Amino acid sequence: MNRKNFIKNTGLIAAVLSLPEIGALAAPPLQPAMNKLPRWKGFNLLDFFSPAPTPTRNPTTEEHYKWMRDWGFDFVRVPIAYPHYLDIDRSKNITPDDVYKISNEAVDKIDTLVTTAHKYGMHVSLNLHRAPGYCINAGFHEPYNLWKDEAAQDAFYFHWNMWAKKYKSLSPQQISFDLVNEPSMREDMNDQHSRSGPVPGDVYRKVAKGAAEAIRKENPEHLVIADGNNVGNTPIPEITDLGIGQSCRGYYPGAISHYKAPWANRDINNLPEPRWPGEVGGKYFSKAMLETYYKPWTNLIQQGVGVHCGECGCWNKTPHNVFMAWFTDVLSILKAGNIGFAVWNFTGDFGVLNSGRTDVDYEDWYGYKLDRKFLDLMRRQ
């Protein structure tokens with residue numbers, strides 16, 4: 001990051017950490033409000049995404065960081081499944097007591113990813129993709145419910161206090177703490193297709209406030225971010241006074257971003273063909289619908305809350321030309337709102353490298369398959 005951008009970002013982060021009673025300066029008429037979070041751009045890194053501490057298929061290397069930096073990116077989000085760094089018997093279902101059994105060796109591996117990112121000037125956002133008692137995905141049996149059980153909430157605060165203590169000396173320019181990925185109130189915590197809806201606002205406030213206090217106990221300037229309610233889709237008005245940034249998503253509509261994704265669709269064989277713009281499943285998809293979707297988020301910025309898009313992108317079964325047309329509109333709207341973004345992921349099905357798409361004219365990049373059109377689109381925004 002050059003000196004000019006460093007000074008700019010420093011000022012923006014300082015603003016989001018200001019006391020709640022200090023109001024935001026009004027934006028000039030017809031101009032986007034100043035976003036209190038920097039307009040970071042980058043990627044999600046999935047090295048610790050799995051609950052099992054097995055090596056990832058696409059580990060992040062130091063060379064990857066160099067490419068990101070050289071391409072102009074300055075942000076990585078690290079979604080972590082908390083069981084990944086526990087010392088437990090994985091042949092049995094986890095118990096509430098097991099949740100506190102931290103593996104220092106596993107924590108050190110995560111720290112290596114963080115410190116290498118800092119070496120290349122990246123801001124690191126640590127995220128509990130799987131928190132005690134909640135994950136948007138199944139595949140690991142949770143012993144309780146984060147939104148209903150005090151024991152789960154106590155464990156949640158314990159984990160965030162541990163991470164905050166580990167990075168106590170780091171500045172908000174270097175690290176932030178993204179509380180829990182894509183919250184929802186799901187009927188069955190261990191069935192990702194069970195009926196779900198938004199977390200009640202008072203419940204979300206209680207859990208977010210408790211976690212933020214556990215983090216800021218170690219350093220009152222630590223930067224805390226909360227994912228939008230209802231699987232990241234809607235702002236959380238109940239926490240706007242807590243000095244917490246909020247994270248939106250770039251997956252709307254899911255018929256484009258998650259076409260034929262088995263974890264997001266019960267029946268992947270009977271889905272309408274994606275088009276952008278165009279009619280899909282009886283609805284007309286266009287940039288106008290995106291502008292309506294993001295309006296609550298730009299309104300949130302005008303209320304003085306920092307906003308960043310912590311995840312965005314498109315699974316590799318959507319035709320590339322449709323993906324590019326749709327994502328061009330998504331990124332243009334985010335840019336107009338001064339909102340940064342992080343694509344899911346860097347290497348893999350959603351990524352700029354080795355995406356596995358069958359309709360891309362790839363460029364060879366040191367043995368990787370580079371989607372140059374996708375990369376160029378990101379760099380232009």
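What's counted below: heavy atoms across the whole structure, side chains too, no hydrogens, waters or symmetry copies. Please read these numbers as outputs of a predicted model, since none were measured by experiment.
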For K369, does the NZ atom sit with more than 12 other heavy atoms under 6.0 Å from it, leaving out its own atoms? no
Heavy-atom count around K109 NZ within 6.0 Å, excluding the residue itself: above 12?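 Counting other residues, nucleotides and ligands, NZ of K109 stays at 12 neighbours or fewer.
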Is it true that [X] and [Y] make a salt bridge, defined as a side-chain N closer than 4.0 Å to a carboxylate O?
X    : Y    : value
D98  : K101 : yes
D70  : K66  : yes
D191 : R266 : no
K206 : E150 : yes
R69  : D74  : no

Indicate every side-chain donor-acceptor pair of residues 358-367 with a distance under 3.5 Å to a residue at least two apart or in another chain.
unit_1 : atom_1 : unit_2 : atom_2 : d
D359   : OD2    : H320   : N      : 2.8
Y362   : OH     : S355   : OG     : 2.8
Y362   : OH     : R357   : N      : 2.9
Y362   : OH     : R357   : O      : 3.0
E363   : OE1    : R372   : NE     : 2.9
E363   : OE2    : R372   : NH2    : 3.0

In terms of the angle between their ring planes, are F43 and F73 parallel, tilted or perpendicular, with boundaries placed at 30° and 60°?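 If you compare the ring of F43 with that of F73, the planes turn out perpendicular.
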Between [X] (side chain) and [Y] (backbone), is there a donor-acceptor pair under 3.5 Å?
X    : Y    : value
N145 : W147 : yes
D111 : V107 : no
H308 : R39  : no
S184 : S196 : no
D149 : Y144 : no
K36  : G304 : yes
H64  : T61  : yes
N354 : G348 : no
D188 : S194 : no
H129 : F49  : no

Would you say the side chain of [Y] lies within less than 4.5 Å of the side chain of [X], judging by non-hydrogen atoms?
X    : Y    : value
W71  : R379 : yes
F140 : C135 : no
K165 : N219 : no
L126 : Y167 : yes
R249 : C312 : no
R90  : P53  : yes

State yes or no: do [X] and [Y] share one hydrophobic cluster built from I, L, V, M, F, W and Y residues joined by side-chain heavy-atom distances below 4.5 Å, directly or via other members?
X    : Y    : value
V343 : V322 : yes
W326 : F374 : yes
Y204 : Y157 : yes
L353 : F350 : no

Passes side-chain hydrogen bond (donor to acceptor under 3.5 Å, both in side chains), E218 versus N161? Steps please. CA-CA 7 Å; E218 303 304 326; N161 178 260; 2.8 Å; yes
Check whether W315 forms a cation-pi arrangement with K317 (NZ or CZ under 6.0 Å from the six-membered ring centre, at most 45° off the ring normal).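 Yes.
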Check step by step if side-chain hydrogen bond (donor to acceptor under 3.5 Å, both in side chains) holds for S176 and H123. CA-CA 8 Å; S176 57; H123 176 91; 2.8 Å; yes
Value rounded to 0.5 Å, distance of [atom1] in [X] from [atom2] in [Y]:
X    : Y    : atom1 : atom2 : answer
Y294 : T292 : OH    : OG1   : 12.5 Å
I110 : L45  : CD1   : CG    : 12.5 Å
N58  : T347 : CG    : OG1   : 5.5 Å
Q246 : L37  : CD    : CG    : 10.0 Å
T234 : L300 : OG1   : CG    : 10.5 Å
I175 : S169 : CD1   : OG    : 9.5 Å

Against E213, only a single residue in K209, K217, R216 fulfils salt bridge (Lys or Arg N to Asp or Glu O under 4.0 Å); can you say which?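 Single salt bridge (Lys or Arg N to Asp or Glu O under 4.0 Å) partner of E213 among K209, K217, R216: K209.
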How about F48 and Y85: are their ring centroids closer than 6.0 Å?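 Ring centroids of F48 and Y85 are no less than 6.0 Å from each other.
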From CA spacing to verdict: side-chain hydrogen bond (donor to acceptor under 3.5 Å, both in side chains), R77, N181: CA-CA 11 Å; R77 181 173 179 261; N181 184 70; 3.0 Å; yes
Kindly indicate, with the supporting measurements, whether the criterion side chain to side chain contact (heavy atoms under 4.5 Å, CB included) is fulfilled by F341 and V330. CA-CA 10 Å; F341 62 89; V330 170; over 6 Å; no
Residues N44 and G310: closest non-hydrogen pair is ND2-O, 3.0 Å
Testing the basics here: between V76 and A117, what is the closest heavy-atom pair and its distance to 0.1 Å?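 Answer, listing the atom of V76 first, then A117: CG2-CB, 4.0 Å.
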Can you tell me which residue among L242, I236, V199 is in a side-chain contact (heavy atoms from CB on, under 4.5 Å) with R205?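 Exactly one option meets the side-chain contact (heavy atoms from CB on, under 4.5 Å) with R205, and it is L242.
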Of F323, W344, Y251, the residue whose pairing with H258 passes ring pair (Phe, Tyr, Trp, His ring centres under 6.0 Å): Y251
Consider ring pair (Phe, Tyr, Trp, His ring centres under 6.0 Å). Of F177, W160, W163, which one does H222 pass it with? F177
Would F327 and W276 satisfy ring-ring contact (aromatic ring centres under 6.0 Å, His included), going step by step from the backbone distance to the final call? CA-CA 10 Å; F327 205 52; W276 193 271; over 10 Å; no
Could you walk me through whether D227 and L179 pass the side chain to side chain contact (heavy atoms under 4.5 Å, CB included) check? CA-CA 7 Å; D227 279 10; L179 299 178; over 6 Å; no
Under 3.5 Å, is there a donor on one side chain and an acceptor on the other for Y293 and N233?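 Side chains of Y293 and N233: pair found under 3.5 Å.
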Within the 3.5 Å criterion, strictly below it, is a donor on S171 or Q173 matched to an acceptor on the partner's side chain? yes
With sequence neighbours excluded, what pairs up with Y284 under the ring-ring contact (aromatic ring centres under 6.0 Å, His included) test?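 None.
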Walk me through it: do D89 and S91 pass the test side-chain hydrogen bond (donor to acceptor under 3.5 Å, both in side chains)? CA-CA 6 Å; D89 181 352; S91 68; 2.6 Å; yes
